> 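Take this structure, written in structure tokens, and hold onto it; I'll ask about it next.
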Amino acid sequence: MSRIRIAPYKGPAGGWGSAKSVAKYLGSEHVVVEGPAVLLKQNKPNGFACVSCAWAKPYPPHPAEFCENGAKATAWEITKKRVTPAFFQEHTVSELRTWSDYQLEASGRLTTPMKYDAATDRFVAVDWTEAFAAIGHELAAIRETDPKRTVFYASGRASLETSYMYALLARLYGNNNLPDSSNMCHESTSVALAESIGVPVGTVTLDDFDKTDGLFFFGQNVGSNAPRMLHQLQEASDRGATIVAFNPLKERGLERFINPQDPMQMVTRIETPIARDYFQVRPGGDIAVVAGMCRWLIEADGAAQAKGEAPLLDHDFIAQHTHGFGAFSVWALSLDWKDLERESGLSRADIEKAARLYARTKAAMVIYGMGITQHKLGVQSVQMLVNLLLLRGNIGRPGAGICPVRGHSNVQGQRTVGIADKPELVPLDRLEELYGFSAPREKGLTTVETCKGIIDGTVEAFIGLGGNFLRAVPDHGPMEEAWSSMRLTVQVATKLNRGHLFNGRVSYLLPCLGRIEKDRQASGEQIVTIEDSTAFIHKSKALVEPASPDLLSEARIVAEIAKACLPHNPKVDWDSWVADYGLVRDAIARTYPEQFADFNRRMNEPKGFRRPIAASHREWKTKTGKANFVIPPALHSSFDDGSDDEVLRLMTLRSNDQFNTTVYGYDDRFRGIHGTRDVILLNEKDMQRFGIKEADSVTIETVADDGVTRRLGGLRAVRYDLPEGSCAGYYPECNVLIPIWQHAEGSQVPAAKSVPVRIVR
Ligand SMILES: Nc1nc2c(c(=O)[nH]1)N[C@H]1C(S)=C(S)[C@@H](COP(=O)(O)OP(=O)(O)OC[C@H]3O[C@@H](n4cnc5c(=O)[nH]c(N)nc54)[C@H](O)[C@@H]3O)O[C@H]1N2
Ligand SMILES: Nc1nc2c(c(=O)[nH]1)N[C@H]1C(S)=C(S)[C@@H](COP(=O)(O)OP(=O)(O)OC[C@H]3O[C@@H](n4cnc5c(=O)[nH]c(N)nc54)[C@H](O)[C@@H]3O)O[C@H]1N2
Ligand SMILES: [Mo]
């Protein structure tokens with residue numbers, strides 16, 4: 001760990017800092033030689049799809065179509081470091097639990113299938129046959145008594161092919177218990193957009209970025225979490241498009257950028273401004289801001305029409321394509337500016353300014369992330385963004401639309417091919433026809449319900465296809481305690497993480513190939529496919545030799561588990577699928593003909609191909625047959641109502657040096673924090689009010705009425721420019737503070753962006 005240094009960062013996003021950071025990670029993972037060659041194939045038509053975020057891949061690609069964080073993710077996966085059986089001989093599991101998230105993953109790639117041995121408190125090497133037989137035995141026994149006691153979790157990386165097989169495994173087994181990382185992420189989007197506009201995903205494509213003249217960012221940190229989008233933003237900024245950000249923190253990537261791949265810009269250091277208008281909304285205050293913008297627009301439209309001027313609303317679109325405008329406008333006009341100012345933390349003048357900026361654009365899009373979805377009213381916050389777009393007909397035409405920025409590289413695709421706890425989202429009749437079984441019809445468990453089931457003992461087996469479930473979920477304390485009482489836990493993973501150190505009575509850690517590694521099966525080297533944030537399907541071709549000869553592909557592992565626990569079904573030929581993933585794609589095309597017809601041919605289109613998204617061409621697959629205006633039940637989206645001055649709203653954030661629970665290092669360059677993650681960012685006035693000085697050690701405690709004490713201490717106070725009454729810390733360290741029941745209504749996404757906390761004094 002480097003020395004702790006905290007000082008405001010003055011540079012842009014990208015720039016030389018970014019180039020240096022990439023070089024540092026290639027070095028620390030010992031891939032200085034092959035790293036650059038691999039990076040040049042990243043996100044290219046004949047290369048591999050980045051294992052980091054799901055942002056769209058342009059065609060033609062930029063000469064180097066990767067960002068600082070994508071490069072870190074690649075280096076982290078193709079690292080030369082290894083975690084072998086000897087490593088586990090040296091370290092007991094109890095000892096490893098004292099290691100940090102960083103130390104665990106930095107130890108390198110897992111090489112060998114391991115089984116947890118409680119007697120020696122160690123992982124011991126096993127062979128694959130033995131592992132699959134034991135796992136199959138346990139799963140079959142649980143299936144016999146109650147198949148709903150097993151959970152099949154997925155973190156959004158596995159390919160469409162593996163994901164399809166995995167979802168089928170769960171259904172043949174007898175449940176829809178398929179929670180995935182999306183349940184902690186954009187599930188609020190899937191629920192909200194389905195009701196509002198009849199699709200669970202965004203409506204824009206990269207072409208829209210060329211045509212838009214207004215980009216409105218809500219709660220998405222583009223510079224750290226989807227940096228390749230900075231290319232599109234730079235182009236839009238150069239064209240003079242209006243870019244506006246709503247975020248409690250001044251995030252550097254939303255302010256200014258130097259493209260590290262543009263030699264002229266690197267040499268001249270002339271920065272591209274991104275958002276020229278930046279509104280520091282209070283956490284949980286977006287409903288109020290947008291409601292205020294809508295209120296102003298509707299009123300100004302009435303005034304303009306009275307004077308015979310051009311209208312501000314798209315009345316034809318509203319009449320022809322939407323439902324609920326009348327009630328919505330009555331509601332919006334009834335809002336009191338005092339309430340809107342209090343809940344949003346912005347002045348009326350600022351909200352009106354934002355509304356004017358929006359009214360001036362011809363084609364606008366709204367781009368958003370976790371700052372919107374991870375609240376008590378995350379679903380309704382998304383719907384409020386849609387309301388704003390609908391007022392000016394900004395959905396389903398060039399340059400306009402809604403753009404949720406997805407997280408994991410294939411998280412959107414996993415839902416598309418059946419990883420869903422909601423049976424109505426899956427063509428179960430079709431699966432029954434194809435595979436001759438009776439599919440389970442009962443709703444499966446979400447992530448939050450899985451946690452509750454583990455705590456109350458109704459979940460007996462957990463299979464994790466990637467991810468770090470125990471670190472990603474809320475309430476670490478009770479979850480870690482309950483975990484080991486499960487009968488079976490199986491983790492399929494590339495790297496060791498803390499979630500692997502809690503083990504059921506029978507417990508296996510199965511190492512798999514990453515997406516960048518050559519996957520050789522009976523028919524030859526395999527190609528896989530993924531879906532990006534804009535519903536484009538791309539193929540991904542691996543490049544490097546596997547980290548160990550003992551690794552199996554995720555598809556093979558899923559197939560072997562299925563064969564070991566399910567009765568033989570002549571209609572599901574797992575072995576042929578593993579031998580040739582093209583046959584899995586054929587099966588996907590048969591299951592979803594509308595979306596995937598001719599899949600094996602179309603995946604070769606250099607641009608990828610887009611699934612049909614009805615709302616993108618103004619076809620509304622909603623109950624009303626129209627796009628719906630939805631009135632939110634409150635003006636703030638948090639669990640705390642803001643009435644108690646002692647309560648702060650805590651946002652749990654990602655640094656620029658992590659991918660979710662994977663901590664690459666301890667520097668959050670853009671926020672000026674170096675050498676530590678144990679910080680709490682506080683507003684200056686709150687620091688004075690609570691008598692806290694810079695660098696003091698602070699303890700915070702969750703405010704909740706369930707009688708449980710949730711505390712986190714040893715946080716270094718950092719004075720930061722964020723709204724009074726709010727504070728920020730890092731995820732996953734702060735997850736101990738989030739009660740499992742504090743989640744979004746309707747989507748159950750944990751409310752990680754507005755945790756009510758108080759300073760312990
Ligand atoms: N390098 C890197 N890339 C990633 C990831 C990563 O960890 N590292 N994670 C991936 C995943 S799975 C996901 S889901 C995405 C996440 O990417 P983002 O959606 O950007 O997620 P966060 O960093 O959690 O926070 C988003 C932003 O919301 C702001 N915010 C917090 N509360 C509020 C609020 O109430 N209102 C508003 N308007 N803003 C608010 C925060 O200040 C922050 O800038 O990124 C993906 N890409
Ligand atoms: N407080 C708080 N909590 C949050 C969030 C937040 O903003 N705040 N964000 C939430 C969000 S948006 C998400 S998406 C979740 C993330 O939750 P998860 O997806 O469960 O977590 P990750 O950290 O992405 O998982 C990392 C692990 O995945 C494994 N892995 C990496 N690559 C591969 C691969 O190719 N195959 C396999 N099988 N394994 C692989 C490695 O072992 C690595 O340790 O966390 C959520 N939790
Ligand atoms: Mo995510």
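All of these numbers come straight from a predicted model, not from anything done at the bench. Order of appearance sets the numbers: ligands from 1, and atoms from 1 within every ligand.
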> Y25 side chain to N69 main-chain N or O, any donor-acceptor pair under 3.5 Å?
no

> Could you establish whether A226 and ligand 1 come within less than 4.0 Å of each other, counting only heavy atoms on the residue side?
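A226: no contact with ligand 1 (<4.0 Å).
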
> May I ask you to check if ligand 2 and A472 share an N or O to N or O distance below 3.5 Å?
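Checking ligand 2 against A472, an N or O pair does fall under 3.5 Å apart.
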
> Based purely on interatomic distance, does V473 place a nitrogen or oxygen under 3.5 Å from a nitrogen or oxygen of ligand 2?
no

> Between A493 and ligand 2, find which residue part has any heavy-atom pair under 4.0 Å and reply side chain, backbone, both or neither.
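Within the 4.0 Å criterion, A493 contacts ligand 2 through backbone and side-chain atoms alike.
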
> Starting from atom 45 (O) of ligand 2, find the nearest protein heavy-atom neighbour and note its residue, name and distance.
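Looking at atom 45 (O) of ligand 2, the protein heavy atom closest to it is Y731 OH, 2.7 Å.
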
> Using a plain distance cutoff, I'd like to know if H408 has any nitrogen or oxygen under 3.5 Å from a nitrogen or oxygen of ligand 1.
no

> Taking the ring of Y116 and the ring of W483, is the distance between their centroids below 6.0 Å?
no

> Using a 4.0 Å cutoff against the non-hydrogen atoms of C53, which atoms of ligand 1 qualify?
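Once the distances to C53 are compared, the set is 47 (N).
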
> Verify whether one side chain among Y368 and D286 offers a donor that lies under 3.5 Å from an acceptor in the other.
no

> Without swapping roles, check the side chain of D667 against the backbone of R669 for a donor-acceptor pair under 3.5 Å.
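Checking the backbone N and O of R669 against the side chain of D667, no donor-acceptor pair under 3.5 Å is found.
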
> N/O to N/O below 3.5 Å, does that happen between S655 and ligand 1?
no

> Should N221 be counted as touching ligand 1, given the test is an N or O pair under 3.5 Å?
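N/O-N/O distance under 3.5 Å: yes.
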
> State, with a plain yes or no, whether a side-chain heavy atom of H186 is found less than 4.5 Å away from one of V411.
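Of all side-chain heavy-atom pairs linking V411 with H186, none is under 4.5 Å.
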
> Whether the side chain of E733 engages the backbone of R677 through a donor-acceptor N/O pair (distance < 3.5 Å, no angle test) should be reported.
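Here the side-chain-to-backbone pair does not exist.
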
> Between I738 and ligand 2, which residue portion shows a heavy-atom distance shorter than 4.0 Å: side chain, backbone, both, or neither?
side chain

> For ligand 1, is V405 a contact, meaning one of its heavy atoms is under 4.0 Å away?
no

> Would you call R282 and E343 a side-chain contact if the rule is heavy atoms closer than 4.5 Å?
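Side chain of R282 against side chain of E343, heavy atoms only: contact under 4.5 Å found.
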
> Heavy-atom count check: over 12 atoms from other residues, nucleotides or ligands less than 6.0 Å from Y9 OH?
yes

> Determine whether any heavy atom of E77 lies closer than 4.0 Å to an atom of ligand 2.
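Distance cut 4.0 Å: E77 fails for ligand 2.
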
> List every atom of ligand 1 that sits less than 4.0 Å from any heavy atom of H375, numbering the atoms from 1 in the order shown and giving each element.
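Listed by number with element, the hits are 34 (C), 35 (O).
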
> Nearest non-hydrogen contact with atom 9 (N) of ligand 1 belongs to which option: N660, T661, N225?
N660

> If you measure from CG on L682 to CG on L648, what distance do you get to the nearest 0.5 Å?
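Those atoms lie 7.0 Å apart.
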
> I'd like to check which ligand 2 atoms, numbered from 1 as shown, lie under 4.0 Å from a non-hydrogen atom of E554.
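Those qualifying, in numeric order: 34 (C), 36 (N), 37 (C), 38 (N).
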
> Pairs of nitrogen or oxygen atoms closer than 3.5 Å, one from G285 and one from ligand 1: do any exist?
no

> Do C512 and ligand 2 have an N or O pair less than 3.5 Å apart?
no

> Check each atom of ligand 2 against the heavy atoms of N497 and keep those under 4.0 Å away; list them by number with element.
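Once the distances to N497 are compared, the set is 27 (C), 42 (O), 43 (C), 44 (O).
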
> Does T489 reach the side chain of F502, with side-chain heavy atoms less than 4.5 Å apart?
no

> Polar contacts were defined as any N/O atom of the residue lying under 3.5 Å from an N/O atom of the ligand; does this apply to F218 and ligand 1?
no

> Below 4.0 angstrom from a heavy atom of G219, which ligand 1 atoms are there? Numbered from 1 as shown, please.
19 (O), 26 (C), 27 (C), 28 (O), 29 (C), 37 (C), 38 (N), 39 (N), 40 (C)

> Of the choices G371, A54, G156, which has the non-hydrogen atom that lies closest to atom 34 (C) of ligand 1?
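Closest candidate by heavy-atom distance is G371.
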
> Using a strict cut-off of 4.0 Å, indicate which atoms of ligand 2 neighbour a heavy atom of C185.
12 (S)

> Output the list of atoms in ligand 2 that are nearer than 4.0 Å to some heavy atom of N468, sorted by atom number.
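In order of numbering, the contacting atoms are 18 (P), 20 (O), 21 (O), 25 (O).
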
> For ligand 1, indicate whether the residue V281 contacts it via side chain, backbone, both or neither (heavy-atom separation under 4.0 Å).
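The side chain, only.
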
> What atoms of ligand 1 come closer than 4.0 angstrom to any heavy atom of D286?
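Per the distance check, 34 (C), 35 (O), 36 (N), 37 (C), 38 (N).
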
> Does E480 reach the side chain of L470, with side-chain heavy atoms less than 4.5 Å apart?
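Yes; the side chains approach each other to less than 4.5 Å.
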
> Output yes when the distance from some N or O of ligand 1 to some N or O of T652 is under 3.5 Å, and no in every other case.
no

> Where does E251 meet ligand 1, judged by heavy-atom distances below 4.0 Å: at the side chain, the backbone, both, or neither?
side chain

> Check ligand 1 against G284 and write out every atom of the ligand that is under 4.0 Å from a heavy-atom position of the residue.
34 (C), 35 (O)

> Among V679, L249, V718, which residue meets the side chain to side chain contact (heavy atoms under 4.5 Å, CB included) test with R671?
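Answer to the side chain to side chain contact (heavy atoms under 4.5 Å, CB included) test with R671 among V679, L249, V718: L249.
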
> First locate atom CG of N497, then atom CZ of F469, and finally report the distance between them rounded to the nearest 0.5 Å.
12.5 Å

> Give the contacting part of R515 toward ligand 2: side chain, backbone, both or neither, where contact means a heavy-atom distance below 4.0 Å.
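Answer for R515: neither.
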
> Can you check whether K495 reaches T79 side chain to side chain, under 4.5 Å on heavy atoms?
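Heavy-atom side-chain distance check passes, below 4.5 Å.
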
> Identify, by atom number and element, the atoms of ligand 2 in contact range of G466, meaning under 4.0 Å from any of its heavy atoms.
37 (C), 38 (N), 39 (N)

> Distance under 6.0 Å and angle within 45° of the ring axis: does R157 meet both against F659?
yes

> Taking the side chain as every heavy atom from C-beta outward, state whether S155 and H408 have any pair of such atoms under 4.5 Å apart.
yes

> Should you measure from each heavy atom of P248, which atoms of ligand 1 turn up under 4.0 Å away?
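This gives 30 (N), 33 (C), 37 (C), 39 (N), 40 (C) as the contact atoms.
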
> Could you tell me the separation between the CD atom of Q232 and the CG atom of L215, rounded to the nearest 0.5 Å?
10.0 Å

> Which heavy atom of the protein is the closest neighbour of atom 43 (C) of ligand 2, given with residue, atom name and distance?
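Looking only at protein heavy atoms, the one closest to atom 43 (C) of ligand 2 is E105 OE2, 3.3 Å.
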
> Please work out, at 4.0 Å between heavy atoms, whether the side chain, the backbone, both, or neither of S224 comes within that distance of ligand 1.
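Looking at S224 and ligand 1, just backbone atoms fall under 4.0 Å.
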
> Could you list the atoms of ligand 2 found under 4.0 angstrom from a heavy atom of V492?
37 (C), 38 (N), 39 (N)

> Taking only heavy atoms of N247 into account, list the atoms of ligand 1 that are under 4.0 Å away from them.
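Result: 27 (C), 29 (C), 41 (C), 42 (O), 43 (C), 44 (O).
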
> Answer yes or no for R471: is there a heavy-atom contact with ligand 2 below 4.0 Å?
no

> Under 4.0 Å from any heavy atom of A752, which atoms of ligand 2 are there?
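So the atoms of ligand 2 that pass are 1 (N), 2 (C), 8 (N).
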
> State if Q374 counts as touching ligand 1 under the rule of any non-hydrogen atom under 4.0 Å.
no

> Going by the atom numbers of ligand 2, which of them fall below 4.0 Å from some non-hydrogen atom of Y153?
17 (O), 18 (P), 19 (O), 20 (O)

> Looking only at heavy atoms, is any part of R157 under 4.0 Å from ligand 2, and if so is it the side chain, the backbone, or both, or is it neither?
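The answer is the side chain of R157.
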
> Side chains of D550 and T111, heavy atoms from C-beta outward: is any pair under 4.5 Å?
no

> Checking a contact table here: which protein heavy atom is nearest atom 15 (C) of ligand 1, and how many Å away?
G407 CA, 3.9 Å

> Would you mind running through ligand 1 and noting each atom that sits below 4.0 Å from a heavy atom of G369?
19 (O)

> Below a 4.0 angstrom heavy-atom separation, can you tell me which part of M651, side chain or backbone, both or neither, approaches ligand 1?
side chain

